[in-house]
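Owing to the predicted nature of the structure, the values given are computational and were not obtained by experimental measurement.
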Amino acid sequence: MSSARVPGLRPRPGTDSTQSREPQPSGPQPRPRRRRTRGSLTALATTGALALALSACGAVARAGDTAATGRSDVRTGASAAAAGTPRPGAHSAGDPLFTYLGNGGYDVVAYDVRYDYRAGTTKMNSSVRITATAKQALSSFSLDSKVDRVDSVSVQGERAAFKASGEKLVITPRRALREGASFRVDVSYRVDRSDDTRSPSYPPGAHYLQAWVEKDDGFAVMGQPDRAHMFFPGNDHPSDKARFTFRVTTPKNLQAVASGTLRSRRTTGGRTTYTYTTRDPIPTDVAQVAVGRFTKVTARGPHGLPIRSYVATDSYKAAKPRVDDIPGQVAWVEKEIGRRYPFETYGVLGVQGGYDGVALESATLSTFSAEGLASPAADIAPTMIHELVHQYFGDAVSVRNWNDMWISEGHADYYQLLYSVDKGYRKLDDVLKQRYQFEFDKRLESGPPARLKTAQDVLTGGNNGGLLMLAGLRHQVGDSVFKKIEQTFYDRYLGRSATTKDYIDVANRVSGRDLTAYIEGWLYGAKVPPMPGHPDWKPAKAPAS
């Protein structure tokens, strides 16, 4: 995510009964690829995600639950018989900032979401089919859910008991699920796009972004960091990526767009159903689906990459020059990182009338305000690079928990800076010095980049220090070793989630040096370390007490 505004200022949200239906069987899901071990800097950008310190339902990770790490949650020393005994899945992924978020006992493979959009109402009849694998024998399990109403739930085609409590949907199937089994869950529900419920993690009075970005002719969504379960029940934590299908029915004079590739479009009786699927797994918080009046712009990127963008029709002519720059931007990022763009398609979504004042790294379809895309290249192109780099770091390689968000935001900010320098918009040392001076106040405000003070600090806490750590690392190890570190880390965790320790381990192994103290000082230290190559740099003024 990117937001070009005064450092430290968090965005304020904008201003902005039909009958339910039974879930319908979804079509076959695409097979995932098998891979080997995978705003503008004219101001200091405050980028990141939103965050949590309060629990919605009092559910916390129980001792031994390791859902967030991807390991089995069978207790050490448990007998094989005990391990196979059905028991409830954990009601949390164990995230240190979002303690209520995520769920244990299973791994989601795919979501198949249906929406029925009708003009004149903010309510949409909806359904989701979740395909998952049980990581333990399950007597019951939970989903993150803050939808308007749940009408029915079935597991393996059989009606299941369910209970909504806070932002959890607890499901008890008729038959326990055995460990290792693949299973499907169908939830028929209704959403209300007028719902502007803030994250239960947010302190009273804290600013937040709207999840449903409502428009006169449709909507877009903004699920980062923990609001995607307002759109569909699921395991709403970045450590559990999954493939997505969106099937959206609209009046035929409107369009639906979503992450992934358009697979079909069928019109019957004045209504059109659009079906989009992603080839690769993505985190829930960067899934995008929108309805409106859009003009489609197509192109080809490096290696024949399909590029398709959708811009609000009223802004199409003004935004098209920047949209036409995307193939060249993809080529620049591929050359700088040394790796091909990770997904099957790319492009941007330009939403008329603003998008919460930010841009979002929606997987395969970065989201901007249409007006922002009409800005001069020097103002908007660096932000476009920022969201494009997130496709690598944040989307294809997701964070294991929200304290690792510097991996996503720090990389996006760093390569955004390199692009601005390469295009002559900024001078490297001028920006680095400015960012270094800013870090003294920022660290007091939010805490170290990988040990944030509150969940709210996920929005702004990790990008600045993460950028500086990466710039200093490159200065110490040299260009070629730095690029090898980046490529090795990316290759190893492509399609997976990663931690700060994972990055440190890769840096040490590739460089042949022990860089632990340097990296940990930047990411965990209470004080701002000296800047490599610039020991004379100091804070611009005495930091606030």
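- Qualifying salt bridge (charged side-chain N to carboxylate O under 4.0 Å, His left out) partners for Lys453, counting only residues two or more places apart in sequence or in other chains: none.
- Within the structure, the ring-ring contact (aromatic ring centres under 6.0 Å, His included) test picks out the following pairs touching residues 121-148 (sequence neighbours left out): Tyr106-Phe141, Phe141-Phe183.
- A search for side-chain contact (heavy atoms from CB on, under 4.5 Å) contacts involving Asp192 returns Thr122, Lys123, Asp148, Ser194, not counting sequence neighbours.
- With sequence neighbours left out, Gln352 forms a side-chain hydrogen bond (donor to acceptor under 3.5 Å, both in side chains) with Ser315, Glu371.
- Every residue two or more places apart in sequence or in another chain that forms a side-chain contact (heavy atoms from CB on, under 4.5 Å) with Thr500 is listed here: Asp404, Trp406, Ala450, Ile504, Leu523, Tyr524.
- The salt bridge (charged side-chain N to carboxylate O under 4.0 Å, His left out) test applied to Arg293 returns Asp217, not counting sequence neighbours.
- Here ring-ring contact (aromatic ring centres under 6.0 Å, His included) pairs that include residues 268-289, with residues two or more places apart or in two chains, number zero.
- Take Ala228 and apply the side-chain contact (heavy atoms from CB on, under 4.5 Å) test, not counting sequence neighbours, and it matches Phe231, Phe232, Asp236, Thr284.
- Within 6.0 Å of the CG atom in Asn253, the count of heavy atoms belonging to other residues, nucleotides or ligands exceeds 12.
- For the salt bridge (charged side-chain N to carboxylate O under 4.0 Å, His left out) test, no residue two or more places apart in sequence or in another chain qualifies with Arg340.
- Applying the side-chain contact (heavy atoms from CB on, under 4.5 Å) criterion to Thr133, with sequence neighbours excluded, gives Val109.
- By the salt bridge (charged side-chain N to carboxylate O under 4.0 Å, His left out) test, Arg198 pairs with no residue at all, sequence neighbours left out.
- Residue pairs meeting the ring-ring contact (aromatic ring centres under 6.0 Å, His included) criterion with at least one partner in residues 159-179, sequence neighbours excluded, are absent.
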